[in-house]
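Keep in mind that this is a model prediction, so the values were computed, not measured. Residue numbers begin at 1 in each chain, while the letters A, B, ... track the order of the sequences.
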Amino acid sequence: MGKPRGKVLAVGVLLAGLMGVAGFLRGRPPEEVLLFVLVPAAGEGAEVEDAAGPCPRQSQIAALDLHRPQEPKQLTGEFFSACAPAVSYDGRRFLFAGRRPEAEPQQIWEMEVDGSGLRQVTRGMSDCADPCYLPDGRIAFSGAVPEQGGVRFLFTCAQDGSQFERITFGEGYDVKPTVLPDGRILFMRMSDEKASVPMTVNPDGTGLQRFYGEVPARGRILSQRPPEARTYGLYEFDLVSYGAGQLLYSDADVDAIDPVLAASRPRPRALTSVVDEVKQTGWLLCLNVYLSQLPEVASLRPGDVKQVQVAAQGRALGEAAVEEDGSFYVEVPADTPLRLRLLGREGRVVASLEREIWVRPNESRGCIGCHEDPALSPENRVPLSVTKPPVFIAPSSEGENGGYDERQE
Amino acid sequence: MSVRSRALWTGAAVSLVALFTAAGLAGHRWALTHVRYYTGAEPKVLNCATCHLYARGGSPLDRVLRPRYYTPMDLAVSPDGQWLYITAQERNALLVVEVAPGEGGRVVAEIEVGQRPHGVILSRDGRTAYVTNEGSDNVSIVDLESRRVVKSLPTGDAPAGLALSPDGITLFVANWFGNDISVFDLQRGVEVKRLAGGSNPYDMALSPDGGSLLVTNQLSYITSRPNPPVSEVTVLDVRQQRVTARRQVHNAHLLEGVAFTPQGDLALVTLVRPKNLLPAIQVARGWMMTNGLGVVDMRDGHVAQVLLDEVNAFYADPCDVVLTPDGRYAFVTHSGADCVTVVEVEKLRALLGDAPPETLSTYANHLGLSRRYVVKRIPTGANPKGLAVSPDGRFVYVAERLADRIAVIEVEKLEQVAAIDLGGPKHETVLRRGEKLFNSSRATFQGQFSCRSCHPNNHLDRLQFDLEPDGLGRNIVDNRTLLDIRETGPFKWNGKNTSLYMQCGIRFAKFLTRVEPFSPEELNALVAFMGSLRHPPNRNQSADGELTPAQQRGKAIFERSVDKAGNPIPERNRCITCHPPPYFTNRKRENVSSASPTDSAQEFDTPQLNNVYESTPYLHDGKALTLEEIWIKYSPDDTHGVTNDLGKEGLNNLIEYLKTL
């Protein structure tokens, strides 16, 4: 899978827009430091390479004291490239992605905001990017998996780099994790074929769902290149014009991107985890497959769907009955990207769900419908499917493709 | 000192140190074992003070200071807008506050009323206040000129909401625990009628034309799985003093606040939509419960429901509602979320319009609609409860129950512009902190619910739940009361939690709240508060403690060792064996053949029986809707005590006695 760099930039700009343009003009605390990334100017018409994945070549993290305007202090001079600063909840430290010699993999590092106390967090053989602090003190980041063509997944680890754990298992390209005020991780999923999609997942990898709602505002500094400028500069966000206000920093030779204030902020309550790595399966409960925004499903009547087929990596793993009320309850292999298809009479495929899902070991995942209105909460009723034991879907099946392609839609 | 004596002293000192060290180590080991045995929790979370001080009612400082909070519950504004009258629950008082509109006010008098005052309303001329006292089962009639209680009217159990007829002659009182509504003729000073309410009638509102009275019922009708909860809004004809309709509100409970629009075409009712029939496998997306409003269409009686929650944020425990005199805004307190939601009524009316039933059904579960009619969230102090709007419609007053404060919201600005400090103690006791934690939704994912959401009035919600760790659709459990819980461990129906620390600890966070557990300090406070909860006085007991003849016969059955034929009853099958006083539980698991096919275990924790008449439904999974059903439906072979020889009258006697425990 090739890296969709254009989309990387688009995602970066989108997230910067979502997270950065906020109405927080409450006056500055006594001391405020702005961290940002300096990138050698790409030149007029060229796009700045965003930090989803490898940092831009020779990018550096710099700090700017907003009360004493002066030349920004470069904090990562010993690095070939460094980017994606993420500040701790107490505002004292920050994580970043950096590559010291050019030939080494990009790793996650941590440093005090004043540039002291540099330490390496991850020590892997492949590139790591986009770090962020989790509410429980752990760290999340996006990591490349070379053996899968450079596909990126989200990982977590302890602050010393131990307890390394993969938490996303899709077939996409998972980048830019950040923590929402409710403790979940918001990230972007990209693929070659489709536009990037904001997703959320719990820090233990459970509860994957497409993000729906408003991203809480976080910052008030904007990185922008006005039409007359050659490079990106840093600006206060202006509430009146809803765009760039007072200029904070610009340089004709470098782009200044990815600004983040080194300030304390409330730590969300950490989310608990039911994941049990000893187990190899999880459970999937869908309350009503007929609840859907897919036209081909919404037009169905109760009883039209007979079964749900569970597939992984192009192979059908098994099928389970869909009850009269539209519910089904299956036990499925954990940490495996799964695709679901609804089958009608004689096994005819009536709908394929385009996004893959997964369950973590011991997770019981609940779905309200199939691609239903994401603002719906569930109806209060006993699903018929839980009056029976779950249908066990084995991790592998007989045959070359398990019969996955035999039925035509 | 000789060398020998020095050696002796040294040896003695070394021996003493060794002895103390050994004793200390042994004591420490014993203490660890002791804590683990009695609490089931790791000692690193607990210390001696945890159980021996906090769990027994608070810190020594609290006991010395004995701070008396005001705990404002409800409030009313005088017709001229100059005075506020506030029920102060923990002072047994009605507070009189002189108001400086928009700037606050000050307490000028504290009128002693009955026990634990709840609701307050004023006569039209503003000269008289009527205060319900839920602890002393009466209404205090207060002359506001002399600031004295001039009469007390006995009511049913735990009076809460109340309303006055337009002519000021008839007073209606919702008897919260008595499930009925008292009707008083104030001219004669007597109760003239007792109308049947729904389930725990709570609050009431008079229609603008004075013809109808709506009564909210806090709990749903008694039911068990797979039936969803159904609650009632009771409609009364004021002139005829009779119930004219019982509007059912499906899949909802905790109906508390109620208010009419000025036109009288709609009434708004606060409610919670529980998801107790779903396996509790997640919290996200309102999987556990949602919080909203019922909209009663007075033309056809239909009750639509809409949510006050948002997609990724919940506003727990809506509990009171008022409308501005022009009908533009409705203000709703959320006692769990510590805020007031402002609803623009016309937008809500436009949304509901003539929507067909299937659309309304979707609205009731839709988290994305609130942005259309919710125009503001106004933060408040802890546990906001009662609301009142000034007659000119400029200000809304909020009783911040656990902050001992009244918030003043300016309607034009839709923001808090002042606060009235009632002057309560500033020292926060452990119990007070625990009560705040208990009532706050901050410790649940996205603030979806509080402890109180499932334990209203610190008791129970009468619902059954399917909790995840036991397997979906299996091991359904009925909710249990928290009253008198301190002495009745172990906890949970499977009896696995040996302490409240364990009950409210890590597994509680893991499987229910889905966010990090309470800190040790928070847990101390929460357990201290829960341990302080007591049942209200048993209303089936006579004042002198004497039992009626039927109750005496029931007591004999409860304690008997032979059946009617004179055959001995095995000791393990006698009522008194498993239900000994004072809490009428042996605190052990017993098998009374009550297990269902979906239960993994046959034995269940023996429940306490104090005030058992208030704890419907019964058995571990709530399948017995009445006390009678425990035996006539679920013990046909005398596996749950011996009752088959009793006959109907004998069983009635037994139940009459049980209700006095």
Checking [X] against chain B: side chain, backbone, both or neither under 4.5 Å from a heavy atom?
| X | result |
| --- | --- |
| R365(A) | backbone |
| S273(A) | backbone |
| D373(A) | both |
| E331(A) | neither |

Kindly give the heavy-atom pair with the smallest separation between E379(A) and N365(B), and that separation in Å. OE1-ND2, 2.6 Å
Residues P378(A) and R285(B): closest non-hydrogen pair is CD-O, 3.3 Å
May I ask you to name which of G447(B), A284(B), P279(B) has the most heavy-atom pairs under 4.5 Å with chain A? P279(B)
Which one wins on heavy-atom pair count under 4.5 Å against chain A: L472(B), I506(B), T290(B), L367(B)? L472(B)
Tell me, for V311(B) versus chain A, whether the close heavy atoms (under 4.5 Å) come from the side chain, the backbone, both or neither. side chain
Test of understanding: with salt bridge (charged side-chain N to carboxylate O under 4.0 Å, His left out), list the residues that count as partners of K436(B), not counting sequence neighbours. E428(B)
Applying side-chain contact (heavy atoms from CB on, under 4.5 Å), can you list everything that pairs with K347(B), at least two apart in sequence or on another chain? E344(B), Y373(B), V375(B)
Would you compute the distance between atom CD of Q446(B) and atom CG of L180(A) and round it to the nearest 0.5 angstrom? 9.0 Å
